[in-house]
**Student:** 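Below is the structure I would like to discuss, written out as structure tokens.
The model shown is predicted, which means the values in this text are computed figures rather than measured ones.
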Amino acid sequence: MKAALGVLLLLAGCAAAPEPCPVGAKPATIAEAYFGRNVQGRAPVTDAEWARFMADTVTPAFPDGLTVLDGTGQWRNAAGQISREDSKVLLLVLPGQDQAAASARLQPVTATWKARFAQESVLTVFRAGCAAF
């Protein structure tokens with residue numbers, strides 16, 4: 001029994017150990033945020049509105065750089081209805097930051113989007129990675 005417990009603890013330790021970054025790269029958190037552009041009761045968020053949101057909210061929060069992609073997706077809302085919409089995908093590579101710090105930096109951006117455009121949610125994804133510049 002003790003041997004089996006020891007093996008399980010050893011395996012758990014191995015599974016939790018992060019893989020080291022390649023030479024020249026440093027640990028980073030990769031954050032993704034998916035901003036749906038449909039707005040109930042009005043036309044979708046326009047390119048001009050997105051540009052203003054980038055200028056007054058996103059860029060000041062992440063001045064070191066970011067990438068924005070156009071997307072099309074779908075999701076099930078709280079009422080159980082499938083909603084299909086165009087979206088903007090914000091990709092952030094944050095060297096030296098853990099996922100909690102990345103989430104704390106991104107949260108005011110997603111909160112502003114939800115308030116400004118009456119959105120129920122913004123999908124966010126955080127994962128560990130390596131980055132080299």
**Student:** Taking distance alone, no hydrogens or angles, what donor-acceptor pairs closer than 3.5 Å link side-chain atoms of residues 119-131 to residues at least two apart or in another chain?
**Tutor:**
{"residue": "Gln119", "atom": "NE2", "partner": "Asn38", "partner atom": "O", "Å": "2.7"}
{"residue": "Gln119", "atom": "NE2", "partner": "Phe117", "partner atom": "O", "Å": "3.1"}
{"residue": "Glu120", "atom": "OE2", "partner": "Ala78", "partner atom": "N", "Å": "3.1"}
{"residue": "Arg127", "atom": "NE", "partner": "Glu32", "partner atom": "OE2", "Å": "3.3"}
{"residue": "Arg127", "atom": "NH2", "partner": "Glu32", "partner atom": "OE2", "Å": "2.6"}

**Student:** Distance from Trp50 atom CH2 to Asp86 atom CG, nearest 0.5 Å?
**Tutor:**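 The CG atom of Asp86 is 12.5 Å from CH2 of Trp50, to the nearest 0.5 Å.
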**Student:** Test your reading of the model: is there a side-chain donor-acceptor pair from Thr110 to the backbone of Gln107, 3.5 Å cut-off?
**Tutor:**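 Judged by distance alone, yes, a pair lies under 3.5 Å.
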**Student:** Sub-3.5 Å donor-acceptor pair from the side chain of Arg76 to the main-chain atoms of Ile82, do we have one?
**Tutor:**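 Looks like no, no N/O pair under 3.5 Å.
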**Student:** Would you call Glu49 and Arg42 a salt bridge, using N to O less than 4.0 angstrom?
**Tutor:**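 Here Glu49 pairs with Arg42 in a salt bridge, since their nearest N and O are under 4.0 Å apart.
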**Student:** Among the clusters formed by ILVMFWY side chains lying less than 4.5 Å apart, do Leu66 and Val109 turn up in the same one?
**Tutor:**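 Linked, Leu66 and Val109 end up in one cluster.
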**Student:** Looking only at heavy atoms, what is the nearest atom pair of Pro95 and Ala28, with distance?
**Tutor:**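 That closest heavy-atom pairing would be CA-CB, 3.6 Å.
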**Student:** Please determine whether a side-chain nitrogen of the Lys or Arg among Arg116 and Asp56 lies less than 4.0 Å from a carboxylate oxygen of the Asp or Glu.
**Tutor:**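 Looking at Arg116 and Asp56, the cut-off is met.
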**Student:** Can you get from Trp113 to Phe62 by hopping between Ile, Leu, Val, Met, Phe, Trp and Tyr side chains that sit under 4.5 Å apart?
**Tutor:**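 Looking at the clustering, Phe62 is in the same group as Trp113.
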**Student:** Please collect all ring pair (Phe, Tyr, Trp, His ring centres under 6.0 Å) contacts where either partner lies in residues 70-108, sequence neighbours excluded, each pair once.
**Tutor:**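 Pairs touching residues 70-108 that pass the test: none.
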**Student:** Please check: side-chain N/O of Gln74 versus main-chain N/O of Ser83, any donor-acceptor pairing under 3.5 Å?
**Tutor:**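 No; judged by distance alone, with no hydrogens or angles, the pair does not exist.
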**Student:** Test your reading of the model: is there a side-chain donor-acceptor pair from Thr112 to the backbone of Pro108, 3.5 Å cut-off?
**Tutor:**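 Checking the backbone N and O of Pro108 against the side chain of Thr112, a donor-acceptor pair under 3.5 Å is found.
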**Student:** Looking at CZ of Phe35 and NZ of Lys114, how far apart are the two atoms once the value is rounded to the nearest 0.5 Å?
**Tutor:**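 The distance works out to 10.0 Å.
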**Student:** Taking all non-hydrogen atoms of both residues, which atom of Arg105 and which atom of Pro63 are closest, and how far apart?
**Tutor:**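 For Arg105 and Pro63, the tightest heavy-atom pair comes out as NH2-CD, 4.4 Å.
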**Student:** Does any part of the side chain of Val45, heavy atoms only, come nearer than 4.5 Å to the side chain of Val39, both counted from C-beta?
**Tutor:**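 Yes - at least one pair of side-chain heavy atoms lies under 4.5 Å apart.
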**Student:** Between Thr29 and Gln97, is there a donor-acceptor pair closer than 3.5 Å when you use the side chain of the first and the backbone of the second?
**Tutor:**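 Flag set: sc Thr29 to bb Gln97 pair under 3.5 Å.
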**Student:** May I have the step-by-step check of side chain to side chain contact (heavy atoms under 4.5 Å, CB included) for Thr72 and Arg84, ending in yes or no?
**Tutor:** CA-CA 7 Å; Thr72 302; Arg84 292 173 181 85; over 6 Å; no
**Student:** Roughly how far, to the nearest 0.5 Å, is CG of Leu92 from CG of Leu106?
**Tutor:**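 Here the rounded value is 6.0 Å.
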**Student:** Decide yes or no for Leu91 and Leu69: does some side-chain heavy atom of the first lie under 4.5 Å from some side-chain heavy atom of the second?
**Tutor:**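 Leu91 reaches Leu69 side chain to side chain.
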**Student:** Going through the distances and angles, do Val58 and Leu90 end up as a side chain to side chain contact (heavy atoms under 4.5 Å, CB included)?
**Tutor:** CA-CA 9 Å; Val58 180; Leu90 175 64; 4.0 Å; yes
